[in-house]
Number of protein chains: 2
Amino acid sequence: MLTHAAEDYLKSIYKLQEKGGKVSTGILAEYLEVKPASATGMIKKLKTMKLVRYERYRGVTLTATGRAIALEIIRHHRLLELYLFKALGVPWDGVHEEAEKLEHVISEDVEARMDEFLGYPTADPHGAPIPDKNGVVVKTASIPMTDLQDGQSCVVAEVSDNDSALLRHLGSFNLYPGTAFRVIEVAPFEGPFTIDIAGQQVVIGREVAKHVFVDQVQDPDNV
Amino acid sequence: MLTHAAEDYLKSIYKLQEKGGKVSTGILAEYLEVKPASATGMIKKLKTMKLVRYERYRGVTLTATGRAIALEIIRHHRLLELYLFKALGVPWDGVHEEAEKLEHVISEDVEARMDEFLGYPTADPHGAPIPDKNGVVVKTASIPMTDLQDGQSCVVAEVSDNDSALLRHLGSFNLYPGTAFRVIEVAPFEGPFTIDIAGQQVVIGREVAKHVFVDQVQDPDNV
DNA sequence: CCTATAATTTAGGCATGCCTAAATTAGTTT
DNA sequence: AAACTAATTTAGGCATGCCTAAATTATAGG
């Protein structure tokens, strides 16, 4: 069995690898909030366990085994988030933190029971896909909200889950996965987005919009 | 915040103190499946934190603070056991093991939600009392099954929770807390108990009976 | 090409929590 | 009271996982 720390490293390498191939020691350390020297140490340990590929100064990537373990942990995390949200009513800005601790200790048996209770779901409360038992993840083709233009309509697919203040903010606009909205105006010079959610006009700053991903984009009718 | 290990020590000291006052290093070490030398080390650490009273070669006891923490962990453990049992259908011989891992990471918020879901229960699936939020435990006056005589009727109050094979065995007889039975015969020379559960005759060995505690003992009608 | 800067790695240290082996203390027995 | 036994404590070691500080390597600019 792996230590909690090792599991966290694998999970983080997986996530960073998603957007950028090889993962540098520095990026990984920053993501995990440890010093680069500590990351080097753990990477070496993971290499002896054949969970990562690594050459010094060259970055790190997961092996097939390492990836499988990372996806297992991510599955635990996202199922737990959804379970806490649906079964216990934990607010969506709190589930990440809770799941972060529980993901390392939950058994396969309990996980399977939660999965059944939830009806074998495919996305967590933030819209992130839940890998299945075999580690298969359905990639979504969502685009960042910052790519939207005036007049376009869409549906929220996913939002970043790691900043609970941001989530509370989005929640105050009802900007959950599944919520539809239309862009009324994109202010020039990297300005904010004015959008229409169910008849309500809302202004969303650029920094916030970076963390919102959307699907089903439709151009305005009057083109 | 305390380490998981420290929490386990406090919980164990509490349980051992219940039946026997001061707790010796050896007993504690045996209970925690650790060497006596390791227990001495942790006891010293707990003493500097003022969670235990301790003088070398004299045994250890909890301070008020230490006791409060122990009861908090025990509350986590027992609420989790009941939640896993009732909400997720985990079999009663599996909940102890699961709760043992979860008790150290569950938040007060999630615990409060489980408590509410369960309707503020007072006993776990093995009949052990659940301390309330303020650390108040209702002591039960149960007696060991081994004290029963021919003909007496009673109700199961509590069973030991730490041996899952034993629990499966008891489960196969429907010997759960709340189950009523009548003693048909106590075989002489430390022999087994023959009992009547809902019309079924069952033979219970002495070693098993030691782990079953009963309430509401009534003498036979024909006295 | 060679040097400056930034990233990374190595070296050495610290806390936790376990271990074994040796020394000490308590308590009982003669 | 001395000696023996059993329990306990001390001493020293090991793995994990973090840290800081110093050395090394990569890479880009002149």
First-last contacting nucleotides on DNA chain D - partner chain A, under 4.0 angstrom, heavy atom = D/dT16 to D/dT27

key: Upstream residue (5' side of DNA chain D) when B/G59 and A/R58 are each assigned their closest nucleotide   = B/G59

task = Verify whether one side chain among B/S107 and A/E98 offers a donor that lies under 3.5 Å from an acceptor in the other.
result = yes

message = Centroid separation under 6.0 Å, is that true for the rings of A/H96 and A/H126?
response = no

request  = Test B/L79 against every option in B/D124, B/D115, B/V110 by the side-chain contact (heavy atoms from CB on, under 4.5 Å) rule and name the one that passes.
outcome  = B/D115

inquiry  = Quick check: closest heavy atoms across B/D8 and B/E100, and the distance to 0.1 Å?
reply    = OD1-OE2, 4.4 Å

task = Under 4.0 Å between any heavy atoms, over every strand shown, what does B/S38 touch: base, sugar-phosphate, or nothing? Just pick one.
result = base

request  = Using a heavy-atom cut-off of under 4.0 Å over every strand shown, decide if A/A37 touches base, sugar-phosphate, or nothing.
outcome  = base

query = Using 30° and 60° as the class limits, which term best fits the ring planes of B/H4 and B/H104: parallel, tilted or perpendicular?
reply = parallel

message = Between A/E103 and A/H76, do the side chains contain a donor N or O and an acceptor N or O under 3.5 Å apart?
response = no

ask   = What is the distance, rounded to the nearest whole Å, between atom OH of A/Y57 and atom C1' of C/dT5?
value = 14 Å

